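Structure first, commentary second.
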Protein chains: 2
Amino acid sequence: MISRPPRPRERGIPEATVARLPVYLRALQALQDKDILTVSSEALATAAGVNSAKLRKDLSHLGSYGTRGVGYEVEYLVYQISRELGLTQDWTVAIVGLGNLGRALANYGGFGSRGFRIAALLDTDPSVVGGSVAALEVRHIDNLEEVVRSEGVSIGVIATPAASAQGVAGRFVEAGVTSILNFAPVVLSVPEGVDVRKVDLSIELQILAFHAQRRADGDGRGTEQAGLGLK
Amino acid sequence: MISRPPRPRERGIPEATVARLPVYLRALQALQDKDILTVSSEALATAAGVNSAKLRKDLSHLGSYGTRGVGYEVEYLVYQISRELGLTQDWTVAIVGLGNLGRALANYGGFGSRGFRIAALLDTDPSVVGGSVAALEVRHIDNLEEVVRSEGVSIGVIATPAASAQGVAGRFVEAGVTSILNFAPVVLSVPEGVDVRKVDLSIELQILAFHAQRRADGDGRGTEQAGLGLK
DNA sequence: ACGTGTGAACACATTCACAGCT
DNA sequence: AGCTGTGAATGTGTTCACACGT
């Protein structure tokens, strides 16, 4: 008899919702900058590029933070979302690989804007190590374990060539880092309990190409898509 | 010679499948480089980081390209996926904004590797315009419309500051570009029929932070091996 | 014997539409 | 009267498990 380990219904926020919370947060902060104190689901949804039913459902997972007949208090919602996302505490980041992309990341202002602090830059290339990027010294990757410990790094960013990425991931994991953001075009293999997110530029382009092609062969010229688009 | 596939193709591949095809394609190309001719769904799934049932279902949307009892012929599958994604034709790309990120994109080799050609780099900054990045001259953004027309640009990449992104998007759309890859942290508003994909570094970090926080304070529920009781 | 291809079951996500509070 | 919060309905995606072709 095979009983499947039941996924315990841990009362959690749906993944799709989590992915949108940062978007809502950004929209709310833009409203704050304009000194707007209150916002309806309809208005906030428009600013965030979603529909209002989805927004309300998403927010309902955090709690009842709106007022019926009125809307949401901007400042309060900013705080609640920030807290839910874990942005009320600081997260320390290390970036490995300081090619063009790594440099871009290190210099990216919005990065450190709230909650994220870049604590270390690491590379292997002797022509890069010892130099300085974004007012930080680039250290040799041999210091990874020590830096993770001394700086309390909790998020590792991998911006190396594909061939080095798995090795770096392994060292991060070994050093106790359980959150990894991977820009290298490889599938990383990590133990259970380690969270890897991937950002892949060429995959995004390929998805765009797919849709563009579909649009192109569906309509020869402004015709709507009819069935039987035989080749 | 290439015989025409006898299988009629359905229109409408699920979006989730489309997003994974590039991953399969990359895994298959890695197998090709190792001179592997045939692969099972199990092996390919492992290389792509998914389970085999999902892989088979995904591939079944393209047609019946496997052989029962054997597996998939690597080269044939590479061709079929490439064709489905529209990579058998060339796509011309223009990048706007040559700050750190734009430069990284322009220099990113994998970009142009297959099917994508960077035809133009555009910026407003006088200290950048006229200079050269990745062996291409950076032109002033006033040339956008002309470049789109003369080079046949079909994909626009926006790597500008947030404040400029909507304006650039509008000009792309006006010039006839219907596929946009946006790296600026704003929600772009575009007409129906224009496809926008967003890559947002700080959103990815925030999602990681959410899960990291959950792991840290959820404790009891999870039975995964904790790496270092670092709290 | 083996691994693909797929209907059926299940899980997750979105949208609808309206009850309920202010 | 107006807008949130939410069950119910619908749509999309994933996993199971096995029939079927090689």
Side-chain angles (χ1 to χ4, degrees), chain A residues 1-21 23-24 28 31 36-74 76-77 80-81 84 207 210-211, chain B residues 5-21 23-24 27-28 31 36-74 76-77 80-81 84 207 211:
Chain A
M1 163 178 189
I2 299 168
S3 75
R4 189 135 290 282
R7 197 84 182 169
R9 190 60 196 162
E10 43 198 290
R11 44 197 205 82
I13 298 179
E15 196 50 39
T17 296
V18 172
R20 283 186 295 264
L21 290 179
V23 180
Y24 302 155
L28 285 164
L31 294 174
I36 292 169
L37 300 179
T38 281
V39 67
S40 70
S41 65
E42 190 64 48
L44 181 54
T46 300
V50 303
N51 72 51
S52 64
K54 192 186 282 182
L55 176 99
R56 288 200 303 280
K57 181 73 91 179
D58 283 342
L59 294 184
S60 77
H61 290 113
L62 314 191
S64 284
Y65 296 143
T67 308
R68 290 169 198 234
V70 179
Y72 301 89
E73 196 203 325
V74 174
Y76 186 54
L77 201 47
Q80 291 298 344
I81 294 178
E84 197 64 55
I207 295 171
F210 171 85
H211 292 298
Chain B
R7 288 282 147 200
R9 285 174 295 117
E10 327 173 2
R11 285 209 160 276
I13 296 177
E15 194 52 38
T17 296
V18 172
R20 283 186 294 264
L21 289 179
V23 180
Y24 302 155
L28 285 164
L31 293 175
I36 292 170
L37 301 178
T38 281
V39 68
S40 70
S41 65
E42 192 64 47
L44 182 54
T46 301
V50 302
N51 72 50
S52 63
K54 191 187 282 184
L55 176 97
R56 288 200 302 278
K57 181 74 89 177
D58 282 341
L59 294 183
S60 77
H61 289 114
L62 314 190
S64 284
Y65 296 144
T67 307
R68 292 171 197 231
V70 179
Y72 302 89
E73 195 202 325
V74 173
Y76 186 54
L77 201 47
Q80 291 299 343
I81 294 178
E84 197 63 56
I207 296 171
H211 293 298

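Protein chains get the first letters and strands the later ones, always in sequence-line order, with residue 1 at the start of each. Please read these numbers as outputs of a predicted model, since none were measured by experiment.
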Discussion item. Test of understanding: with side-chain contact (heavy atoms from CB on, under 4.5 Å), list the residues that count as partners of Ala43(B), not counting sequence neighbours.
Written reply: Val39(B), Ser40(B)
Fill in: Presence of Lys54(B) side-chain N/O under 4.0 Å of dG13(D) phosphate oxygens OP1/OP2
no
Item to complete: Tell me, please, which residues at least two apart from Thr17(B) pass side-chain hydrogen bond (donor to acceptor under 3.5 Å, both in side chains).
Response: Asp58(B)
Worksheet item: Hey, can you pull the residues of residues 40-48 of chain B with a non-hydrogen atom under 4.0 angstrom from DNA chain D?
Response: none
Response to the item:
To the nearest 10 degrees, the angle between the two end axes of the helix from dA1(C)-dT22(D) to dT22(C)-dA1(D) (five pairs per end) comes to 0°
Fill in: Name of the residue among Leu44(A), Ile36(A), Val23(A) meeting side chain to side chain contact (heavy atoms under 4.5 Å, CB included) with Leu28(A)
Leu44(A)
What N/O pairs connect the protein and nucleotides 20-22 of chain C at under 3.5 Å? Give each pair on its own line.
from	atom 1	to	atom 2	distance (Å)
dG20(C)	N3	Arg68(A)	NH1	3.3
dT22(C)	O4'	Arg68(A)	O	3.3

Response to the item:
Contact check, residues 56-66 of chain A vs DNA chain C, heavy-atom distance under 4.0 Å, returns Arg56(A), Lys57(A)
Worksheet item: Starting at the 5' end of DNA chain C, which residue's closest nucleotide do you reach first, Gly71(B) or Asn51(A)?
Response: Gly71(B)
Worksheet item: Among all residues two or more places apart in sequence or in another chain, which pass the side-chain hydrogen bond (donor to acceptor under 3.5 Å, both in side chains) test with Glu84(A)?
Response: none
Fill in: Lys57(A): side-chain contact (heavy atoms from CB on, under 4.5 Å) partners, not counting sequence neighbours
Ser60(A), His61(A)
Discussion item. Restricting to side-chain hydrogen bond (donor to acceptor under 3.5 Å, both in side chains), what partner residues turn up for Glu73(B), sequence neighbours left out?
Written reply: none
Response to the item:
Residues at least two apart in sequence or cross-chain that pass salt bridge (charged side-chain N to carboxylate O under 4.0 Å, His left out) with Arg56(A), listed by chain then number, are none
